[in-house]
There are 2 protein chains.
Amino acid sequence: MTQENGTRKRRGSGRATIHDVAKVAGVGSITVSRYFKQPDTVSEALRERIRSAVSALNYVPNLVAGGLASTHGRIIGMVIPNISGPIFANTIQSFSDVLTAHGYQLLLASSYFSEAQEERAVRTFLGWSPAALAVTSQYHSKATGQLLASANIPVVETWDYAPRRKHIQVGFSHTEVGRQAARYLLGKGYRRIAFVQNSVASDESAIDRRDGYAEVMREHGLKPWMFIPTAATPFEAGKQAMEALALRQRGAAEAIIFANDNLAASAILAGQRAGIRMPEQCAIVGFGDYAMSSMLLPSLTTIRPPAKEIGEIAALRILESLGETPLSGRLQRLNLLACELVERESA
Amino acid sequence: MTQENGTRKRRGSGRATIHDVAKVAGVGSITVSRYFKQPDTVSEALRERIRSAVSALNYVPNLVAGGLASTHGRIIGMVIPNISGPIFANTIQSFSDVLTAHGYQLLLASSYFSEAQEERAVRTFLGWSPAALAVTSQYHSKATGQLLASANIPVVETWDYAPRRKHIQVGFSHTEVGRQAARYLLGKGYRRIAFVQNSVASDESAIDRRDGYAEVMREHGLKPWMFIPTAATPFEAGKQAMEALALRQRGAAEAIIFANDNLAASAILAGQRAGIRMPEQCAIVGFGDYAMSSMLLPSLTTIRPPAKEIGEIAALRILESLGETPLSGRLQRLNLLACELVERESA
DNA sequence: TTGTAAGCGTTATCAG
DNA sequence: CTGATAACGCTTACAA
């Protein structure tokens with residue numbers, strides 16, 4: 001590679017380095033480094049010279065080199081079941097926004113509720129010497145657990161909250177969500193209440209919700225009634241559940257709790273088509289409060305997870321662990337958040 | 001820092017390095033490097049020894065160091081207006097999935113349709129020596145343009161397609177989308193057709209859609225009728241547009257094209273509440289085909305952008321530019337994609 | 001307040 | 001097929 005000055009370089013990106021800036025500014029390169037990291041420790045005179053050199057050369061600090069030298073880069077990895085689902089995007093967004101404001105960058109990967117994929121993602125992230133890691137839920141493969149434990153960096157588990165975990169947790173109790181839904185329906189007088197599980201079997205958190213439901217049912221002397229759809233898509237699965245539970249001749253469900261709003265929404269559409277009056281004939285409760293949920297007919301009563309808050313607080317907790325002083329003043333907030341039951345027409 | 005073997009190290013992460021592996025395996029470190037990069041060039045005997053050393057030490061290659069040494073890391077940055085919106089998530093997801101399958105990692109930042117934020121994100125990304133960069137739309141600040149031009153790496157502009165751009169483009173013509181909607185409604189016999197702009201004024205692509213609409217209207221000797229909501233939220237804006245355009249006593253709109261499905265959906269809800277029969281009294285066309293759109297009453301006729309394909313093809317184009325051999329066989333696909341008009345009940 | 005020297009953990013280069 | 005050596009661009013440690 002031939003450079004502008006005519007010399008040859010064997011390697012290098014061709015971009016201006018901190019040394020180039022230092023040379024132009026007539027200072028040592030470490031002073032340029034300080035100019036960026038701790039401007040206060042550099043005299044105003046030098047600062048000015050460095051400033052102009054930086055803009056003359058259009059210098060962009062090489063964060064890779066910086067990360068290597070300091071052994072802790074400003075990258076934070078996040079593994080999330082999926083990006084495009086309506087649930088997690090808000091968490092990613094707020095997580096990323098808070099981190100970006102503090103000069104950290106988000107490295108993202110999705111697991112699709114697969115422990116193997118999660119493990120692969122965590123392993124790769126670790127190769128980037130991240131400053132911290134965020135994962136979803138408390139359920140990981142054994143290897144992932146070891147990886148996280150030996151990483152020696154802050155780890156946050158989001159979207160869940162369980163006692164006695166060694167990592168920081170920011171989320172809520174899925175079991176409690178299941179209880180909440182069941183209690184709500186029982187309070188309304190329903191007794192024949194069914195629970196429809198997620199068509200994605202490896203969604204462990206959905207199983208926790210189911211368990212909370214079952215617990216409350218038993219407390220009330222009622223038998224839990226679980227339905228596991230066999231259909232592949234949530235859309236088909238919701239319809240299937242509706243046909244099996246609400247459209248039967250005898251002993252139809254008076255109320256159904258769905259593992260998520262996707263299932264509930266397709267159930268409402270199926271019910272509508274079949275002429276079922278909701279909630280009179282069959283009440284419906286979902287989980288997630290997706291954007292569509294308020295627009296259905298009947299609008300969907302559902303439990304709203306604090307998705308945005310989770311991302312925000314998770315980021316703040318990480319920043320604290322990293323010794324940063326977060327800009328936002330919301331530090332008092334707890335890590336265990338509550339879900340709000342949004343009462344609409346369907347139940 | 002005191003290490004396990006009792007020696008002291010001044011720096012370092014404490015994790016096993018390639019040298020540790022080499023020592024345990026009894027080979028040179030460069031051979032370990034080759035074991036990972038080009039296994040074929042290492043003899044089976046050494047491969048076996050390295051393999052066991054790697055697992056014994058639980059070695060994870062340090063990608064930061066690798067990126068520095070090779071001057072092109074395996075990171076790819078993407079700037080997208082927002083993560084949590086229903087539109088872009090699918091693009092991010094498929095983009096990330098393809099890249100991950102090829103050993104690249106996605107670094108994500110959102111611009112919120114702000115050129116300043118986009119510029120900041122691009123600048124930071126460049127500091128990570130990314131292998132490539134993806135941005136949204138053809139509209140950038142001047143500085144961003146220079147940054148991208150001088151980056152010397154593949155740059156993809158997504159979600160747009162315009163002639164004579166220097167970067168790779170993967171997307172569709174927003175102007176054509178505007179034309180498509182207008183022609184569809186004109187073909188149905190509507191004449192008093194209005195266009196409702198995005199409440200986010202800096203959404204340049206939405207302005208292109210409007211221009212396409214206006215162009216077709218003029219071709220048909222009709223006067224374009226633009227409405228700019230003043231309300232801050234899309235929900236309010238859609239309602240406001242409906243009141244201004246469809247609920248007026250005289251000269252109400254026969255059909256309305258909305259800049260996106262969020263606006264259209266809230267318009268449908270407002271219309272429903274006001275007792276407007278859609279499409280008889282007023283037809284509605286959206287853009288985006290969000291998940292909710294098929295569930296509205298009436299279900300929303302809208303134009304579906306190929307979000308997932310955009311991410312996928314953008315990733316494939318980048319891999320090609322990088323000299324990788326993409327796993328998927330979809331290389332024949334064009335970069336200029338079509339949007340499908342999804343005909344439902346509202347128009 | 002500023003500078004010098006020595007890494008950080010990997011890969012490109014060149015030599016065997 | 002294997003290895004020694006010198007970068008990559010920055011920051012830590014120490015010195016002035």
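A note on names: the letters A, B, ... follow the listed sequences, proteins ahead of strands, and every chain is numbered from 1.
- Put simply, the side chain of B:Asn335 does not reach to within 4.5 Å of the side chain of B:Gln169, judged on heavy atoms.
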Is there a side chain to side chain contact (heavy atoms under 4.5 Å, CB included) between A:Glu118 and A:Tyr139? Walk through the geometry before answering. CA-CA 10 Å; A:Glu118 181 186 54; A:Tyr139 300 103; over 6 Å; no

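- In terms of phosphate contacts, A:Thr41 brings no side-chain nitrogen or oxygen within less than 4.0 Å of OP1 or OP2 of C:dT1.
- Phosphate contact (OP1/OP2 of C:dT2, side-chain N/O of A:Ser43, threshold under 4.0 Å): present.
- At a threshold of 4.0 angstrom between heavy atoms, the contacts of B:Asp40 are confined to the sugar-phosphate backbone, with no base atom among them.
- Residues A:Arg15 and A:Asn62 have side chains that never bring a donor and an acceptor to within less than 3.5 angstrom of each other.
- For A:Arg34 against C:dG3, a side-chain-to-base donor-acceptor contact under 3.5 Å is present.
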When the side chains of residues 50-59 of chain A are checked against the rest of the protein, which donor-acceptor pairs come out under 3.5 Å, sequence neighbours left out?
residue, atom, partner, partner atom, Å
A:Arg51, NE, A:Glu48, OE1, 3.1
A:Arg51, NH2, A:Glu48, OE1, 3.3
A:Ser52, OG, A:Arg49, O, 3.1
A:Ser55, OG, A:Ser52, O, 3.3

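- A side-chain hydrogen bond (donor to acceptor under 3.5 Å, both in side chains) with B:Glu157 is found for one member of B:His140, B:His167, B:Gln138 and no other, namely B:His140.
- Remark: P of C:dT2 and CD of A:Glu44 are 11 Å apart, rounded to the nearest angstrom.
- What separates CG of A:Leu63 from P of D:dG9 is a distance of 13 Å, to the nearest Å.
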Begin with the C-alpha distance, continue with both residues' side-chain angles, and end with the deciding distance and a verdict on side-chain hydrogen bond (donor to acceptor under 3.5 Å, both in side chains) for B:Trp159 and B:Thr91. CA-CA 9 Å; B:Trp159 276 85; B:Thr91 299; 2.9 Å; yes

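- Distance from the side chain of A:Ser70 is smallest to D:dT11 among C:dG9, D:dT11, D:dT2.
- For the pair A:Tyr59 and D:dC10, the criterion of a side-chain N or O lying under 4.0 Å from OP1 or OP2 is met.
- One finds a side-chain N or O of B:Thr31 lying less than 4.0 angstrom from the OP1 or OP2 phosphate oxygen of D:dG3.
- For the pair A:Leu68 CG and D:dT11 P, the interatomic distance rounds to 11 Å; values are reported in whole Å.
- What separates CZ of A:Phe36 from P of D:dG9 is a distance of 15 Å, to the nearest Å.
- Per the geometry, CD1 belonging to B:Ile18 stands 11 Å off P belonging to C:dA12, to the nearest Å.
- Using a 4.0 Å cut-off, no side-chain N or O of A:Thr71 falls inside it from OP1 or OP2 of C:dG9.
- Whole-Å rounding puts the B:His19 NE2 to C:dC8 C1' distance at 10 Å.
- The interatomic distance linking B:Arg49 (CZ) with D:dG3 (P) rounds to 8 Å, in whole Å.
- Within the nucleic acid shown, A:Val64 has no heavy atom closer than 4.0 Å to any nucleic acid atom.
- Under the 4.5 Å side-chain criterion, counting only non-hydrogen atoms from C-beta, A:Phe95 is not in contact with A:Thr158.
- Over its full length, the helix from C:dT1-D:dA16 to C:dG16-D:dC1 turns its helical axis through 30°, comparing axes from the five pairs at each end and rounding to 10°.
- To the nearest angstrom, P of D:dC10 lies 13 Å from NZ of A:Lys23.
- Side-chain atoms of A:Tyr104 and A:Ile318, non-hydrogen and from C-beta on, never get closer than 4.5 Å to each other.
- Nearer to the 5' terminus of DNA chain D, by closest-nucleotide assignment, is the contact made by B:Ile30 (compared with the other of B:Ile30 and B:Ala65).
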